[in-house]
Amino acid sequence: MRSEGASDERRCSEYLSDTGAAMSAHKPMCIDPLEAPLRGIVRMPGDKSISHRAVLFAAMAQGTSRLSGVLDSDDVRASVHAVERLGARVSLEKMADGSLAGDIAGWGAAGPRVPDGPIDCGNSGTTARLLMGMLSSWDIEVELTGDASLRRRPMRRVTAPLEKMGARFFPEGDATLPLTVRGTSAPHAVDYDSPVASAQVKTALLLAGIRAAGTTRITEPAPSRNHTELMLPRFGVAVASEPGTVRVKGPATMRACAIRVPGDPSSAAFPACAAALVPGSAVRIEGVSLNPSRIGFVRVLERMGVDAATRIDSHAGGEPAGAISVRYCDDLHACDVPAESIASLIDEVPVLCLVAAYARGTTVFHGVSELRVKETDRIAGIIDGLSAIGVHAWMEGDDLHIEGNPGLSVPDGVEFASKGDHRLAMTWALVGFTGGASVRVADFESVSVSYPGFLADIRSLEGGR
């Protein structure tokens, strides 16, 4: 590995450890180009969505659950701290591979305790929305809040159906955090037609429905991630599902179990897309969840001409797991990504847009307006970032268009505004790695939300065999 790569990683380490907000605001991360193809094998950190659920469900269960492979990131730690405040006993330790493993003793039939103040969910929408469902079925009052970004994100999509189940939220009618959840000891089962395909909404209702008398049914306009449906049976809760509909019959008892969290496919998308763009690259990403609801980005890469493949070789946490292999493509071409596929790749749209920037023709991502209410307005972030390197991108209705340029030349010294969004920060870092010119990424520390080892993993593949 070249000395500049080591320096790159040191700068990242120093940057991420810099706790001075004023300093970090004026200290963009410099990303230098790769000087060799990406080759070899890399393992991803634990899946963020599955890690959240493993921690939260273990806290709800009767008995002590054993967890391994849990992602150690800011978002997941928000869930860990939340369940500790609510009375779960958490004994998770850092492993040699950087993951968290250990025990969580849940509150079970005793229920969560009232914390001594608001629960801060940080930047984690999953923590906030799933806690709403968990707390709605107990006679308890808890205030939830978060950082500035999370306090802008919509919560009414969750609170409205939970109110139908008997919970109340204060201030009444507010659509954003901070909110106080006032639960009920006698929640009502509901039959809910969700206007959005959202795994967080679905999960919140299922968690409330576990303690409701009768069958809670959620119907979605398109299938969303099904990690909850796969994991709840491990905790002793039967879940019935078919395309677009999921049901749970309550009251049911959650019992402790052992969960191993597989690697995160959303994190895997970054080395995968980098390999597709860097001549001579061939990488294998191992130990990744290959849940079909999460690997839509692989199918898009294939449709753009990339030699990309998956291989299931095990199961972890109820999920199929295995390897993703990707090789460089010298003839990328545009494609249309239909709206019904977006749920399976929603978090990977930013980095797929970067791949589309190098493709022949115009790639269209249909039905992606949901990206406007993520950690930031990702649509605006994508359009602004691509414009900075001379790529035309625009919205027509709910559809995002990327006009590719196979001869794209990235100007030296471009500075990107990640807007504190981890997916955008990593996407713009890939511009520097793959585009032949050094770039700067503001607020790069946001990668700690989901993939703290991102820079080190990319550099570890540089010039490998």
Hey, are the side chains of [X] and [Y] touching, using non-hydrogen atoms and a 4.5 Å cut-off?
{"X": "L354", "Y": "V431", "result": "yes"}
{"X": "L100", "Y": "E93", "result": "no"}
{"X": "E286", "Y": "M44", "result": "no"}
{"X": "V142", "Y": "T180", "result": "no"}
{"X": "F57", "Y": "T203", "result": "yes"}
{"X": "E220", "Y": "T245", "result": "no"}
{"X": "L352", "Y": "L301", "result": "yes"}
{"X": "I382", "Y": "F365", "result": "no"}

- request: Please say which of V355, V351, I324 ends up in a side-chain contact (heavy atoms from CB on, under 4.5 Å) with F297.
  value: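 Of the listed options, the one satisfying the test is I324.
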Donor-acceptor contact present, side-chain [X] to main-chain [Y], <3.5 Å:
{"X": "D47", "Y": "S49", "value": "yes"}
{"X": "D399", "Y": "G367", "value": "yes"}
{"X": "R151", "Y": "G146", "value": "yes"}
{"X": "S281", "Y": "L38", "value": "yes"}
{"X": "S136", "Y": "M132", "value": "yes"}

To the nearest 0.5 Å, what is the distance between [atom1] on [X] and [atom2] on [Y]?
{"X": "L207", "Y": "S137", "atom1": "CG", "atom2": "OG", "answer": "8.0 Å"}
{"X": "R168", "Y": "L179", "atom1": "CZ", "atom2": "CG", "answer": "13.5 Å"}
{"X": "L135", "Y": "L144", "atom1": "CG", "atom2": "CG", "answer": "6.5 Å"}
{"X": "M155", "Y": "L162", "atom1": "CE", "atom2": "CG", "answer": "12.0 Å"}
{"X": "Q62", "Y": "F235", "atom1": "CD", "atom2": "CZ", "answer": "13.0 Å"}
{"X": "S418", "Y": "L424", "atom1": "OG", "atom2": "CG", "answer": "7.0 Å"}

query: Any cation-pi pair here, R211 with W138, using under 6.0 Å and within 45°?
result: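 Satisfied, under 6.0 Å and within 45°.
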For [X] and [Y], work out which heavy atoms get closest and say how close.
{"X": "S448", "Y": "S73", "result": "O-CB, 3.4 Å"}
{"X": "D75", "Y": "N123", "result": "OD1-C, 3.8 Å"}
{"X": "P118", "Y": "T145", "result": "CB-CG2, 4.3 Å"}
{"X": "C353", "Y": "L400", "result": "SG-CD2, 3.6 Å"}
{"X": "A213", "Y": "A189", "result": "O-CB, 3.7 Å"}
{"X": "P350", "Y": "R378", "result": "CG-CD, 4.2 Å"}

- request: Could you please spell out the steps behind the side-chain hydrogen bond (donor to acceptor under 3.5 Å, both in side chains) verdict for S344 and S293?
  value: CA-CA 5 Å; S344 70; S293 72; over 6 Å; no
field: Residues, nucleotides or ligands: over 12 heavy atoms within 6.0 Å of R260 CZ
entry: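 No, the 6.0 Å shell around CZ holds no more than 12 heavy atoms from other groups.
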query: Is the number of heavy atoms from other residues, nucleotides or ligands within 6.0 Å of CZ (R89) greater than 12?
result: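 No, the 6.0 Å shell around CZ holds no more than 12 heavy atoms from other groups.
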task: Evaluate the criterion side chain to side chain contact (heavy atoms under 4.5 Å, CB included) for residue pair Y451 and D457; output intermediate values, then yes/no.
output: CA-CA 10 Å; Y451 193 176; D457 280 354; 2.7 Å; yes
Taking atom types as modelled and ignoring hydrogens, do the side chains of [X] and [Y] form a donor-acceptor contact shorter than 3.5 angstrom?
{"X": "D307", "Y": "Y328", "answer": "no"}
{"X": "T126", "Y": "Q200", "answer": "yes"}
{"X": "S99", "Y": "D97", "answer": "yes"}
{"X": "S198", "Y": "S224", "answer": "no"}
{"X": "T228", "Y": "R53", "answer": "yes"}
{"X": "H401", "Y": "T362", "answer": "no"}

- prompt: side chain to side chain contact (heavy atoms under 4.5 Å, CB included) between L205 and M165: does it pass, once the steps are laid out?
  reply: CA-CA 9 Å; L205 299 185; M165 301 183 77; 4.0 Å; yes
- prompt: R152 and T176: side chain to side chain contact (heavy atoms under 4.5 Å, CB included), yes or no, with the steps?
  reply: CA-CA 6 Å; R152 291 192 297 268; T176 56; 5.8 Å; no
Salt-bridged, [X] to [Y], with N to O below 4.0 Å?
{"X": "D72", "Y": "K94", "value": "yes"}
{"X": "E163", "Y": "R156", "value": "yes"}
{"X": "E242", "Y": "R217", "value": "no"}
{"X": "R360", "Y": "D331", "value": "yes"}
{"X": "D336", "Y": "R303", "value": "no"}
{"X": "R372", "Y": "E370", "value": "no"}
{"X": "R85", "Y": "D116", "value": "yes"}
{"X": "K419", "Y": "D443", "value": "no"}
{"X": "R423", "Y": "D347", "value": "yes"}

query: Among pairs that include at least one residue of residues 313-325, which meet side chain to side chain donor-acceptor pair (under 3.5 Å), considering only residues two or more places apart or in two chains?
result: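 Every pair satisfying side chain to side chain donor-acceptor pair (under 3.5 Å) with a residue in residues 313-325: H227-E319, S289-E319, N291-E319, R311-D313.
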- request: Report the residue from R43, R294, K48 that forms a salt bridge (Lys or Arg N to Asp or Glu O under 4.0 Å) with D264.
  value: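 Filter result, single survivor: R294.
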task: For the pair F444 and F454, name the ring-plane relationship: parallel under 30°, tilted 30 to 60°, perpendicular over 60°.
output: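 Taking F454 first and then F444, their aromatic rings sit tilted (interplane angle of 30° to 60°).
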query: Taking it one step at a time, do H52 and S124 satisfy side chain to side chain contact (heavy atoms under 4.5 Å, CB included)?
result: CA-CA 10 Å; H52 278 301; S124 177; 3.2 Å; yes
message: Tell me which pairs pass salt bridge (charged side-chain N to carboxylate O under 4.0 Å, His left out) where either residue lies in residues 129-149, with sequence neighbours left out.
response: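 Output for this query lists E141-R182.
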